[in-house]
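Data block below; observations after.
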Amino acid sequence: MSVKTHNKVKKKMHDLKFIRENPSTFDDAMARRGLGSQSADILRMDESRRAIQTELQALQQERNETSKQIGVIKSQGGDAQEIMDAVSKIKGRMGELEEEERTIASALNQHLAGLPNIMFDDVPNGADEGENVELHKWGTPKQDQVPEHFEIGEALGLMDFDTAAKMSGARFVILKGALARLERALAQFFLDTHTGDHDYTEVNPPLLVRDNALFGTSQLPKFAEDLFPAGDAHYLIPTSEVPLTNMVAEQIVDMEELPYRYTAFTPCFRSEAGSAGRDTRGMIRQHQFYKVEMVSITKPEDSEAEHERMRECAETILKELDLPFKTVTLCSGDTGFGAKKTYDLEVWLPGQQRYREISSCSNCGDFQARRMNARTRPKGEKQTQFVHTLNGSGVAVGRALIAVLENYYDPTDGGVYVPEVLKPYMGGLEKITKV
RNA sequence: GGACAGAUGGCAGAGUGGUUGAAUGCACCGGUCUUGAAAACCGGCAAGGGUGCAAGCCCUUCCAGGGUUCGAAUCCCUGUCUGUCCGCCA
């Protein structure tokens with residue numbers, strides 16, 4: 001399906017000045033992403049663009065000056081026909097140059113838009129998730145094998161994949177009764193914690209966004225196939241990172257107002273186009289799932305500290321739920337397109353006897369801010385700077401539900417205890433049992 | 001869905017074809033005054049880019065994209081957004 005485009009090609013993306021001045025640094029950074037040298041191509045395009053621009057500007061200057069003369073002559077009642085013809089002649093060449101400039105600028109911008117963020121030096125090198133580096137572990141993983149979450153849920157009669165498949169196909173689920181409520185309880189608990197204890201402001205954002213918003217957070221143009229188009233103007237959000245971060249798009253915010261901290265509980269929609277065959281059973285990987293998201297907008301110098309803080313906000317949730325987890329720093333090969341550095345929180349799933357991702361916290365630096373032109377200005381200063389943006393799950397609700405089912409499972413009767421912190425949200429219910 | 005009206009600098013708000021990058025007010029910065037502050041007064045104050053050692057010079061930008069013209073904030077077309085009214089609707 002084709003979706004209308006609202007992109008302006010004025011976006012800044014990577015800083016050309018930086019690439020011009022540090023071509024090898026830039027190439028090294030792209031090499032860590034598994035890409036070949038980029039700077040030579042970029043600089044060649046940039047140079048030729050500037051050459052065209054210089055020539056064009058000389059002609060524009062000539063046109064402007066001559067046109068002003070015409071104005072003067074005419075206002076004095078003179079005849080300006082001769083110079084008017086002369087200006088007309090310049091226009092042919094100007095048109096050509098304008099066309100060339102447009103072509104090369106758009107090629108350059110498209111190229112830049114497809115290049116990932118430059119990672120921090122302390123991001124470990126590695127090919128894939130196997131080389132992520134453990135930061136720390138918390139809690140004691142249950143070594144006893146328990147059923148997987150979908151076995152538990154189905155046995156309880158509260159989790160139904162077959163009926164969901166009839167109406168929606170694969171990768172959907174129906175939760176009922178206490179499990180439906182458990183999902184709502186988790187979300188509520190997450191939101192209350194982030195708004196009450198972590199200084200986040202609750203936001204209820206649009207779930208449908210246009211392509212320019214997705215360009216800003218860098219899902220587009222490269223990852224269109226992961227998205228669900230909705231109608232001819234919108235996409236369903238793959239994460240509320242998109243609307244929350246775009247709240248500062250095209251804005252100049254006073255520096256003393258920062259940081260902004262936003263949290264939202266929303267459904268997320270992902271086509272999972274590249275995941276055929278992976279996690280096909282159960283709720284791990286769905287086309288639609290709930291997530292509580294945290295987004296921070298900070299001054300440039302504060303983003304690294306904010307990143308640690310955000311990671312701790314997410315970890316707090318798992319600690320409060322008493323779910324064992326480990327935190328890893330993603331290696332270069334596993335770090336997302338827009339991130340300078342990412343921490344993943346992996347929760348212990350006794351049904352799988354392994355840790356699975358339940359939160360991902362990324363510092364994007366100014367990468368997204370450049371793409372959405374989100375700036376800040378220190379009080380009294382003229383010069384604006386790009387803000388830094390961070391996003392993190394706090395945490396994925398569906399996966400948290402899975403973790404609760406498997407970690408709080410009672411093998412004696414197939415029931416599931418309600419975690420202490422969730423009881424108030426479950427009407428005091430102690431244990432979920434078969435209906 | 002139909003009808004109309006808008007979109008101009010950080011904000012508000014003039015400007016309908018010719019030195020208008022844009023009056024004015026607010027905000028902001030510097031100064032005078034004051035023991036200090038406020039007020040008042042004086043001055044400054046858009047951004048992005050090209051070029052140059054630099055001072056500077058130049059280009060672009062008045063929602064976006066196309067067009068008319070020697071010349072466009074101003075005229076035309078398309079799109080987006082906002083407001084108002086009508087219809088429909090949870």
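Per chain, numbering begins at 1; letters A, B, ... match sequence-line order.
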- Message: When both hydrogen-bonding distances must be under 3.5 Å and the geometry is Watson-Crick or G-U wobble, what is B:A22 paired with, if anything?
- Response: none
- Item | G-U wobble or Watson-Crick pairing nucleotide for B:C81 (cut-off 3.5 Å, both distances) | B:G6
- Message: Work out how far the C1' atom of B:G21 is from that of B:A14, and round it to whole angstrom.
- Response: 15 Å
- Taking for each residue the nucleotide of RNA chain B with the nearest heavy atom, is it A:Ile252 or A:Thr54 whose nucleotide lies nearer the 5' end? A:Ile252
- Task: Return yes if some donor-acceptor pair links the side-chain N/O of A:Ser218 with the main-chain N/O of A:Leu214 below 3.5 Å, else return no.
- Result: no
- Note on the structure: Atom CE of A:Met94 and atom C1' of B:C58 are separated, to the nearest Å, by 14 Å
- Counting just side-chain N and O atoms, does A:Arg102 come under 4.0 Å of either OP1 or OP2 of B:G65? no
- Query: Which base, if any, makes a Watson-Crick or G-U wobble pair with B:G87, both distances under 3.5 Å?
  - Reply: none
- Item | Matching residue for A:Pro124 among A:Thr335, A:Thr329, A:Leu330 - test: side chain to side chain contact (heavy atoms under 4.5 Å, CB included) | A:Thr329
- Take atom C1' in B:A46 and the same atom in B:A73, then report the distance between them in whole Å. 15 Å
- Taking CG from A:Asn212 and C1' from B:A64, how many angstroms apart are they, rounded to a whole number? 11 Å
- Partner nucleotide, any strand, of B:U35 [Watson-Crick/G-U, under 3.5 Å]: none
- Message: Please report the distance separating the P of B:C29 from the corresponding atom of B:C85, rounded so that it comes out in whole Å.
- Response: 41 Å
- Query: OP1, OP2 of B:G71 versus side-chain N and O of A:Lys91: anything below 4.0 Å?
  - Reply: yes
- Query: Distance between the C1' atoms of B:C4 and B:C59, in whole angstroms?
  - Reply: 39 Å
- Item | A:Arg210 to A:Tyr235 six-membered ring, cation-pi geometry met (6.0 Å, 45°) | no
- Message: Please classify the nucleic acid contact of A:Thr66 as base, sugar-phosphate, or nothing, using heavy-atom distances under 4.0 Å.
- Response: nothing
- Item | Whole angstrom value for the distance that separates P of B:A47 from CZ of A:Arg370 | 17 Å
- Task: Provide the closest heavy-atom pair for A:Gln60 versus A:Met94 in the form atom of the first, atom of the second, distance.
- Result: CG-CE, 3.8 Å
- Query: Looking only at side-chain N and O atoms, does A:Arg50 come under 4.0 Å of OP1 or OP2 in B:U51?
  - Reply: yes
- Would you say the side-chain atoms of A:Asp15 pair up with the backbone N or O of A:Lys17, donor to acceptor, closer than 3.5 Å? yes
- Query: Mind checking who B:U16 pairs with, Watson-Crick or G-U wobble, both distances under 3.5 Å?
  - Reply: none
- Note on the structure: Taken to the nearest whole Å, CD/A:Gln53 to P/B:C57 is 19 Å
- Smallest heavy-atom separation, A:His307 atom then A:Cys361 atom, equals NE2-O, 2.8 Å
- Rounded to whole angstrom, note down the P distance from B:G83 over to B:U68. 35 Å
- Nearest whole angstrom, please: distance from the C1' of B:U61 to the CD of A:Glu101. 14 Å
- Query: P atom, B:G48 versus B:G9: distance in rounded Å?
  - Reply: 15 Å
- Within this structure, what is the CE-to-P distance between A:Met255 and B:C28, rounded to whole angstrom? 18 Å
- With both distances under 3.5 Å as the test, what is the Watson-Crick or G-U wobble partner of B:G71? none
- Query: Is the phosphate of B:C58, meaning OP1 or OP2, less than 4.0 Å from a side-chain N or O of A:Asn64?
  - Reply: no
- May I ask you to evaluate whether A:Arg377 reaches the phosphate of B:A46, defined as a side-chain N or O under 4.0 Å from OP1 or OP2? no
- Message: Only pairs with both distances under 3.5 Å count, Watson-Crick or wobble alike; so what is the partner of B:U60 in this structure?
- Response: B:A47
- B:C11 to B:G67 separation - P atoms, rounded to the nearest Å: 30 Å
- Paired nucleotide for B:G30 [Watson-Crick or G-U wobble; both distances under 3.5 Å]: B:C42
- Query: In whole Å, what is the span from the CZ atom of A:Arg20 to the C1' atom of B:G50?
  - Reply: 10 Å
- Task: Taking atom C1' in both B:A54 and B:G71, compute the distance separating them and give it to the nearest angstrom.
- Result: 34 Å
- Any side-chain N or O of A:Arg63 under 4.0 Å from OP1/OP2 of B:G18? no
- Atom CD of A:Gln60 and atom C1' of B:C59 are separated, to the nearest Å, by 6 Å
- Compute both the distance and the angle, then confirm whether A:Arg375 meets the cation-pi test with A:Phe386: under 6.0 Å from the six-membered ring centre, within 45 degrees of the axis. no
